[in-house]
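Proteins get letters first, then strands, A, B, ... in listed order; numbering begins at 1 in each.
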Number of protein chains: 2
Amino acid sequence: MTKTSKKKATIYDLSVLSGSSPSTVSAVLNGTWQKRRIKESTAALIRDLAETHQYTANRQARGLRSSRSGLIGLLLPVHDNRYFSSMAQTFEAHVRSKGQCPIVVSASRDPEEERKTAETLISYSIDELFICGATDPDGVHEVCETVGLRHINIDLPGTKVPSVISDNYQGGRMLTEAIIRHFPADQPLRPDELYLFGGRDDHASRERIRGFRAVKRELLGDDPDGCIQPTGYAPNNARLAFEAFYEKHGKLPRGVFINSSINFEGLLRFMAGHPHENFADLTVGCYDYDPFASFLPFPVIMIRQDVEGMITKAFEVIEEGRPQPRIHLISPELVQPRTALTGPLDALKDIG
Amino acid sequence: MTKTSKKKATIYDLSVLSGSSPSTVSAVLNGTWQKRRIKESTAALIRDLAETHQYTANRQARGLRSSRSGLIGLLLPVHDNRYFSSMAQTFEAHVRSKGQCPIVVSASRDPEEERKTAETLISYSIDELFICGATDPDGVHEVCETVGLRHINIDLPGTKVPSVISDNYQGGRMLTEAIIRHFPADQPLRPDELYLFGGRDDHASRERIRGFRAVKRELLGDDPDGCIQPTGYAPNNARLAFEAFYEKHGKLPRGVFINSSINFEGLLRFMAGHPHENFADLTVGCYDYDPFASFLPFPVIMIRQDVEGMITKAFEVIEEGRPQPRIHLISPELVQPRTALTGPLDALKDIG
DNA sequence: CTTGTTTGCACAATCGATGGTGCAAAGACT
DNA sequence: AGTCTTTGCACCATCGATTGTGCAAACAAG
């Protein structure tokens with residue numbers, strides 16, 4: 001068992017080995033050595049030793065001293081969803097490219113959980129926090145604010161700091177219009193045949209609903225209140241709403257606007273319970289993109305939110321000095337049925 | 001601007017406020033105060049102050065001193081995939097329930113990246129590392145070993161520490177058999193009509209292929225080599241393989257075993273390029289579960305790996321003192337077409 | 001040779017929490 | 001009252017890196 005085998009080398013070890021002081025070693029290894037007028041030859045020696053002894057800085061020590069950690073946090077509602085997991089994937093790539101370390105945590109859409117999670121992250125002295133899809137962004141803002149932590153909202157806006165969100169109104173309009181136009185002119189959709197399921201009383205849902213209603217009124221001439229069925233995000237609640245509709249009308253609406261892919265799973269569950277229905281006249285629009293959903297046996301028009309665009313914008317905005325709490329809208333994209341788009345995974349090389 | 005508003009309270013602040021020493025404050029707030037014979041009334045006072053001043057311990061300082069961080073790492077290939085993201089979701093729940101903080105990072109299936117990522121995590125003094133789906137688990141093991149970090153493999157096995165993986169051989173058998181039996185007796189599948197696409201030279205793929213070939217030989221009497229098409233995991237490579245087959249034979253095989261949902265996306269891309277084909281006689285088996293894929297317009301039989309079971313087992317094994325480097329197999333589950341299963345998200349309450 | 005300047009680095013305080021050790025005051029006992 | 005215990009806590013070194021400051025040696029200028 002050689003000496004290099006068990007504990008990690010520190011600047012003190014290298015200091016002894018090199019014959020210089022710990023502060024010199026530190027300066028060399030963190031790049032501030034020119035500023036400290038360290039001789040190139042000394043620096044080279046130390047770099048060499050660091051390499052052969054596999055030195056890596058103890059981030060906790062560094063963070064303690066400098067009150068920065070190199071960690072950048074992303075607070076998500078859930079991982080288990082293509083939209084949010086592609087958010088995580090994209091976020092990670094950006095953070096890594098800045099030489100920092102991403103830390104992605106979910107908080108289940110629970111305001112209390114969101115705040116507690118943010119506090120946990122803060123206790124690790126994270127340097128920045130991206131708050132994505134939070135139920136209570138301003139609550140999280142409070143806890144960031146008291147410790148002076150830079151943060152920004154994504155996907156759902158807050159009122160205290162900038163927010164980068166999908167243009168849900170336009171997206172809602174696009175999707176609604178696409179659903180309506182998908183029906184042939186000789187069998188047009190009636191206003192009471194186009195329903196919206198899913199979502200709840202958050203900014204995104206409200207905007208989508210606003211777009212939905214506006215387009216319905218413009219294109220179909222009417223917009224009955226009963227066609228809006230906000231079920232929350234839980235798949236089972238969505239399923240129950242479909243069941244209830246089906247009970248009452250003996251069929252599904254011809255046109256269905258579903259607020260998110262998670263809600264869409266509720267429709268699948270409903271369908272699994274009705275194996276002999278073939279839902280031949282059904283057209284679905286879903287505010288989220290999933291490649292498999294796009295190929296379902298009925299027309300599924302989808303919205304793909306521009307995750308890359310949102311993350312990029314968020315990084316831009318958060319770098320600004322004193323950003324105003326304005327809302328940055330990122331346009332989503334309409335995806336026709338049977339479309340297989342590429343995603344962040346395609347950027348990866350496939351070894352082997 | 002009150003004094004509480006800007007910087008975080010430390011034990012020194014509370015020490016002044018309470019009139020006790022920092023070490024007393026520390027002991028009270030980290031639970032070791034009984035051992036230190038602190039008076040209950042003193043403890044109560046300090047707890048009170050901590051509460052009103054919103055004290056939370058600086059984890060970096062604690063970690064520096066104790067060389068533990070409270071962080072538990074999960075190293076994934078990618079986030080952007082239902083299998084791995086549900087891994088993340090489940091992992092997170094387990095870690096949080098132990099009062100620790102999950103840190104989930106992806107390494108793109110790149111051995112070099114995997115090692116570097118592990119080192120980064122180590123520099124934050126993480127307490128344990130779960131290595132999931134790593135291309136080179138033993139490489140990661142090396143870097144963990146040199147610093148004495150407890151770790152375990154999930155999904156793909158290593159040889160140095162315990163591994164908890166899906167029973168890929170059995171799963172491969174189940175899925176292959178289900179595909180074969182899905183064809184009616186009067187139009188049975190011939191051996192050269194059942195292909196396997198995707199995967200590469202890793203343990204999981206090999207085992208699945210072994211199961212696939214064994215069942216083919218048992219049930220169909222033959223098992224031509226050409227029916228195995230390992231394309232790697234990239235969707236586009238899988239697409240190219242389907243294109244190539246289609247070029248050559250003018251159709252797809254009647255039965256297709258796809259190694260993962262990521263590869264399945266390659267099939268979708270192929271299909272998007274052949275809009276007028278209806279692939280009426282196609283049956284797909286996919287080694288992964290995705291609710292939307294399950295409802296595609298052709299029969300899709302899926303395997304759902306028991307993520308909850310694997311994570312639970314992994315936590316059990318890692319707690320053991322000196323676990324042997326054996327492989328723990330977790331049985332996956334066969335999922336019939338048009339099945340909408342619940343997932344980790346269903347455990348969440350839906351607020352609002 | 002003296003004075004000033006630059007070069008190159010060492011010293012030591014510091015970040016916040018932990019835990020071993022020591023010691024005064026209070027209580028128990030003879 | 002004197003000694004021994006127990007109680008209750010303070011003191012201080014420590015984890016590993018950062019950073020402001022100081023200072024000797026080398027060199028330049030006069």
Side-chain angles (χ1 to χ4, degrees), chain A residues 6-46 49-50 53-71 122-127 147-148, chain B residues 6-46 49-50 53-71 122-127 147-148:
Chain A
K6 217 41 183 175
K7 282 292 132 223
K8 295 200 54 170
T10 70
I11 54 170
Y12 298 96
D13 301 333
L14 298 184
S15 145
V16 171
L17 292 167
S18 69
S20 347
S21 75
S23 59
T24 299
V25 175
S26 171
V28 168
L29 296 175
N30 70 26
T32 60
W33 59 283
Q34 323 247 24
K35 201 165 56 196
R36 284 180 160 273
R37 299 189 312 240
I38 309 289
K39 234 194 305 182
E40 169 60 41
S41 66
T42 312
L45 168 64
I46 291 175
L49 284 169
H53 290 266
Q54 308 208 53
Y55 171 83
T56 53
N58 181 322
R59 306 298 209 107
Q60 306 219 51
R62 170 181 295 175
L64 174 58
R65 181 57 228 256
S66 56
S67 63
R68 308 185 64 257
S69 63
L71 293 168
I122 287 171
S123 73
Y124 286 103
S125 309
I126 58 170
D127 299 336
V147 300
Chain B
K6 217 43 183 174
K7 283 290 133 223
K8 294 200 54 170
T10 71
I11 55 169
Y12 298 96
D13 301 331
L14 299 184
S15 146
V16 172
L17 291 168
S18 69
S20 349
S21 75
S23 59
T24 300
V25 175
S26 170
V28 169
L29 296 175
N30 71 24
T32 60
W33 57 284
Q34 323 247 23
K35 201 164 59 197
R36 284 182 160 271
R37 299 189 312 239
I38 309 289
K39 232 193 308 183
E40 168 59 43
S41 64
T42 311
L45 168 64
I46 291 174
L49 284 168
H53 290 264
Q54 309 208 54
Y55 170 84
T56 53
N58 180 321
R59 306 298 212 107
Q60 307 219 52
R62 170 181 297 174
L64 175 58
R65 182 58 228 260
S66 58
S67 63
R68 307 184 65 254
S69 64
L71 293 168
I122 287 170
S123 73
Y124 286 104
S125 308
I126 57 169
D127 299 334
V147 298

Qualifying side chain to side chain donor-acceptor pair (under 3.5 Å) pairs, either residue in residues 33-45 of chain B, two or more places apart: B:E40-B:R47
Strand-adjacent residues in residues 37-46 of chain B, judged by heavy atoms under 4.0 Å from DNA chain D: B:R37, B:I38, B:K39, B:T42
Rounded distance (nearest 0.5 Å) linking atom OG of A:S125 with atom CG of A:L64: 8.0 Å
Value rounded to 0.5 Å, distance of CZ in B:R62 from CD1 in B:I11: 10.0 Å
Could you tell me which residues satisfy side-chain hydrogen bond (donor to acceptor under 3.5 Å, both in side chains) with [X], sequence neighbours excluded, listed by chain and number?
{"X": "B:S66", "result": "none"}
{"X": "A:S123", "result": "B:R59"}
{"X": "A:S69", "result": "none"}
{"X": "B:T32", "result": "B:N30"}

Distance, rounded to the nearest Å, where B:Q34 contributes CD and C:dG19 contributes P: 15 Å
Check: B:G70 main-chain N/O paired with B:D127 side-chain donor or acceptor under 3.5 Å: yes
Passing candidate, side-chain contact (heavy atoms from CB on, under 4.5 Å) with A:H53, options A:D13, A:T10, A:L17: A:L17
Where chain B begins and ends its contact with DNA chain D, read 5' to 3' at 4.0 Å from heavy atoms: D:dT7 to D:dG16
Proximity to DNA chain C (any heavy atom under 4.0 Å), residues of residues 13-25 of chain B only: B:S23
Shortest non-hydrogen separation from B:A43 to B:V28 and the atoms involved: O-CG1, 3.7 Å
Intermediate values then yes/no, side chain to side chain contact (heavy atoms under 4.5 Å, CB included), A:T56 and A:K8: CA-CA 8 Å; A:T56 53; A:K8 295 200 54 170; 2.2 Å; yes
Under the side chain to side chain contact (heavy atoms under 4.5 Å, CB included) test, residues paired with A:S21 that sit two or more places apart: A:S23, A:T24
Set of side chain to side chain contact (heavy atoms under 4.5 Å, CB included) partners for A:S18, sequence neighbours left out: A:S20, A:V25, A:L45, A:I46, A:L49
Touch class at under 4.0 angstrom, heavy-atom based, for B:R36 against every strand present: base
All N/O contacts under 3.5 Å from nucleotides 13-15 of chain C to the protein, with atom names and distances to one decimal?
| from | atom 1 | to | atom 2 | distance (Å) |
| --- | --- | --- | --- | --- |
| C:dT14 | O2 | A:R65 | NE | 3.4 |
| C:dT14 | O2 | A:R65 | NH1 | 2.8 |
| C:dC15 | O2 | A:R65 | N | 3.2 |

